[in-house]
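Because the structure is a prediction, the values reported are computed rather than measured. Just so we're on the same page: letters track the sequence lines, and every chain starts at 1.
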2 protein chains.
Amino acid sequence: MESRCENCIIRQFNSLRAMSKEELKKVSDTKTTKKVKKGEPIFQEGEKLNGVFCVRDGVSKLSKLSANGKDQIVKLATKGEVLGQRSVIAEECTNLSAIAVSDMEVCFIPKESINTTLQKNPNFTLEVLRHMAHDLKEADDVIVNMSQKTVKQRIAEAFLYLKNNFGEDDDGFLALTLSREDISNVVGTATESAIRIISEFKKKGLIHTSGKKVGIKNERKLVELVEGF
Amino acid sequence: MESRCENCIIRQFNSLRAMSKEELKKVSDTKTTKKVKKGEPIFQEGEKLNGVFCVRDGVSKLSKLSANGKDQIVKLATKGEVLGQRSVIAEECTNLSAIAVSDMEVCFIPKESINTTLQKNPNFTLEVLRHMAHDLKEADDVIVNMSQKTVKQRIAEAFLYLKNNFGEDDDGFLALTLSREDISNVVGTATESAIRIISEFKKKGLIHTSGKKVGIKNERKLVELVEGF
DNA sequence: TTAAAAATATGACATTTATCAGTTCTTGTT
DNA sequence: AACAAGAACTGATAAATGTCATATTTTTAA
C-alpha cells in the first residue's frame with residue numbers, strides 16, 4: 001500500500017527525510033492518517049499534543065486568540081509541513097490552534113517516535129533545528145511587517161504571498177481562497193478595513209474578484225505598494 | 001584563570017551546558033572575550049557570522065531595519081543568551097542587528113566549535129532546539145501583541161516586561177534604562193507617540209520618571225491596561 | 001426552491017496614531 | 001561654566017484604522 005511513510009513523497013519536504021529506513025518504518029507503523037474537513041480543527045490552542053501532524057494535502061491556518069477576542073493567524077501551513085513540532089519538542093501545551101482552511105489529509109505521528117529519533121539521530125535533530133531556525137526568521141519578518149507596514153501594504157503582501165506559495169487556478173484566481181475574515185486575521189486588522197482595502201485594490205485595477213475569490217491583476221504595482229512606492 | 005568556559009556560570013543558562021567537558025575545553029581554547037560599549041554594534045543585519053556570541057554581561061537589542069527606515073527591536077538579550085545562533089545553524093547571513101544597550105562583555109565562539117558539536121552531540125543539538133522552540137513561541141506572542149494590542153497596551157506591557165526581566169534599582173526605577181526611541185522601537189510606534197503615552201502614564205500615576213529613567217508606580221493598573229480593563 | 005443565516009460590502013463617525021514644527025531639557029565636551 | 005548636540009517633550013493637524021449600523025450578496029440547509 002502506498003500510504004507507508006517510506007514511500008511518501010511529502011516526506012522529502014520536511015525533516016522526516018533525515019530519518020533512517022528503520023526509523024521511518026517505526027513511524028509508519030504507529031502513524032494514523034486522518035481527513036479533516038475545511039473549517040475543522042486539527043488541534044486547539046492550549047491542548048497537550050501527543051504527537052505531530054504531517055500535512056499530506058490541504059492547508060491549515062495556525063492562529064492564536066488575542067485578549068480582544070480576535071484570532072491572529074501566524075502562519076499558513078501546507079503540504080509537507082509538520083504541525084505541533086514546537087510544542088512536542090518543548091514539552092509544552094501548544095500555543096496555537098490549527099484549523100483546516102481547505103479539506104485536508106494529515107498523518108498523526110505519536111510523539112514517542114519523534115522523541116526517540118531526536119535522542120538517537122543527530123541528523124534528524126539538526127534537520128528539525130534548521131527548519132525551526134527558518135521558522136524563527138520568518139516570524140521575525142512578520143513582527144517587522146506587522147509593526148512597520150500599513151494595513152494596505154500588509155494586505156498587498158498577503159496576496160503576493162498567497163500567489164507565490166499556493167499559486168493560481170486556471171482562471172487566474174489565487175488557488176487558496178481565504179474568507180475576508182481570514183485575510184483580516186492574517187494581516188491583523190478589522191474585517192471591515194480589509195474589505196474596504198480589497199475594494200480599493202479592485203477599483204485601482206490591482207486585483208479582480210469573484211465572490212470571495214481574488215486574482216492578481218497588476219503584480220508590479222502591488223510590489224511597489226508593499227515597498228512603499 | 002576564571003575565564004575558562006568550563007568554569008563559567010553563565011553557561012548554566014544556555015545550551016552550552018549540554019556540552020561535554022572536552023567540547024567545552026575546545027570551545028574555551030578558541031573563544032575570545034570582548035567588551036562592547038553601550039551603543040556599539042556586536043554585529044549588523046546582513047553580515048555573515050563566523051560564530052556566535054555568548055552574553056556574559058550587559059544587554060543587547062536585536063533589531064531589524066524596516067523599509068521605512070525605522071528599526072524594529074525584536075528581542076532584548078541579556079546575560080546567558082547566545083546571539084547569532086539562528087544564522088549560524090541555518091548557514092545564512094544574520095537577519096538582525098545586535099547593538100549593546102548597556103556596556104557589555106561577550107564571548108565570541110567560532111562556528112566550527114558549534115557545528116562539530118551539533119554533529120556529534122545529540123544532547124547539545126536537542127538543547128539548542130529546545131531554546132529555539134522557546135524563542136519561536138515568544139516570537140508568536142510578539143506577533144499577536146503587535147497586531148492586536150494598542151500602542152498604549154504595548155508600552156504598558158513593555159514596562160512590565162522590563163521589570164520582570166531586568167528588575168529595579170534601589171530607587172525603584174527599572175534597572176534597564178532605554179531611550180524613548182528604543183522604547184518606541186520595541187513597541188513599533190513613532191517616538192513622539194511613545195513619549196506622549198509615557199507622559200500620560202505619568203499623569204495618571206501609573207509610573208514615575210526621572211530623566212530617561214522610568215519606575216513602575218501602579219503595577220496592577222498597568223496589568224489591567226494590558227489586558228483591556 | 002426558498003427562507004434563513006452568514007459573509008461581503010458600504011457609509012458615517014470616533015478613535016488612534018503619525019507627522020511636522022518648534023520648545024525645553026540633558027548631557028557631554030572643551 | 002558655557003555651549004553645542006542630542007534627547008525629550010508639546011501642540012496642531014493630518015492620516016490611518018476601528019466601530020457601529022445597515023444594506024446587499026452569497027451560501028447553507030430545510
Side-chain angles (χ1 to χ4, degrees), chain A residues 37-40 66-72 101-103 145-158 173-174 177-204 207-215 225-226 228-229, chain B residues 37-39 66-72 101-103 145-156 158 173-174 177-204 207-215 225-226 228-229:
Chain A
K37 283 247 170 58
K38 177 175 170 177
E40 286 178 357
S66 74
N68 64 41
K70 294 192 63 172
D71 269 320
Q72 173 65 37
V101 167
S102 60
D103 289 346
N145 282 342
M146 282 296 172
S147 57
Q148 306 284 3
K149 289 192 174 148
T150 65
V151 173
K152 215 173 282 187
Q153 290 176 309
R154 268 139 54 198
I155 290 184
E157 193 160 46
F173 290 108
L174 295 171
T177 301
L178 293 179
S179 70
R180 302 291 135 108
E181 191 181 359
D182 277 342
I183 293 176
S184 74
N185 287 344
V186 166
V187 303
T189 192
T191 307
E192 296 96 321
S193 298
I195 288 172
R196 235 179 277 278
I197 288 168
I198 291 171
S199 299
E200 189 191 324
F201 283 1
K202 200 159 93 177
K203 266 188 210 125
K204 289 190 178 162
I207 61 173
H208 55 114
T209 69
S210 165
K212 56 176 61 177
K213 283 191 290 187
V214 173
L225 207 167
V226 171
F229 342 126
Chain B
K37 282 247 170 59
K38 177 175 170 176
S66 75
N68 64 39
K70 295 191 62 172
D71 269 321
Q72 173 65 38
V101 167
S102 61
D103 290 345
N145 282 341
M146 282 296 175
S147 57
Q148 306 283 3
K149 289 193 175 149
T150 65
V151 173
K152 214 172 282 186
Q153 290 176 309
R154 269 139 54 200
I155 290 185
F173 290 107
L174 295 171
T177 301
L178 294 177
S179 69
R180 301 298 192 243
E181 191 181 0
D182 278 342
I183 293 175
S184 73
N185 288 344
V186 166
V187 302
T189 192
T191 307
E192 297 95 322
S193 298
I195 288 173
R196 236 180 275 279
I197 287 167
I198 291 171
S199 298
E200 189 191 324
F201 282 2
K202 201 159 92 175
K203 265 188 211 125
K204 289 190 179 161
I207 61 173
H208 55 115
T209 70
S210 164
K212 55 177 59 176
K213 284 190 288 185
V214 173
L225 208 168
V226 170
F229 341 130

Spacing of CG belonging to Asp182(B) relative to OG belonging to Ser184(B), to within rounding of 0.5 Å: 7.5 Å
Separation of dT24(C) C1' from Ile195(B) CD1 (nearest whole Å): 12 Å
For atom CD of Gln153(B) and atom P of dT15(C), their distance in whole Å: 16 Å
Side-chain-base donor-acceptor pair under 3.5 Å for Arg196(A) and dG18(D): no
d(CG, Asp182(A); P, dA6(C)) in whole Å: 16 Å
Minimal non-hydrogen separation, Val214(B) against Arg180(B), with atom names: CG2-NH1, 3.7 Å
Spacing between Glu192(A) atom CD and dA6(C) atom P, to the nearest angstrom: 17 Å
Nearest-Å distance for atom pair CD1/P, residues Ile183(B) and dA7(D): 14 Å
Which residue lies more 5' along DNA chain D, comparing Lys212(A) with Lys149(A) via nearest heavy atoms: Lys149(A)
Any N/O donor-acceptor pair, Arg180(B) side-chain to dT26(C) base, under 3.5 Å: no
Sugar-phosphate only, base, or nothing, as touched by Thr191(B) at under 4.0 Å among non-hydrogen atoms: nothing
Between C1' of dC25(C) and CD1 of Ile198(B), the distance in whole Å: 16 Å
Lys213(A) NZ - dA7(C) P separation (whole Å): 18 Å
Along DNA chain C (nearest heavy atom to each residue), the more 5'-positioned of Lys203(A) and Ser147(A): Lys203(A)
Rounded distance in Å - NZ (Lys202(A)) to P (dT8(C)): 12 Å
Sugar-phosphate only, base, or nothing, as touched by Glu181(B) at under 4.0 Å among non-hydrogen atoms: sugar-phosphate
Distance test, side-chain N/O of Ser199(A) to OP1/OP2 of dT8(C), below 4.0 Å: no
Exercise: identify the closest heavy-atom pair between Gln72(B) and Asn185(B): NE2-O, 3.1 Å
Asn145(A) to Glu157(A) - nearest heavy-atom pair and separation: ND2-OE1, 3.1 Å
Sugar-phosphate, base or nothing in reach of Ser193(B), heavy atoms under 4.0 Å: base
Thr150(A) side-chain proximity, nearest of dT8(C), dT10(D), dT17(D): dT17(D)
Nearest-0.5 Å distance that lies between atom NZ in Lys152(B) and atom OG in Ser193(B): 11.0 Å
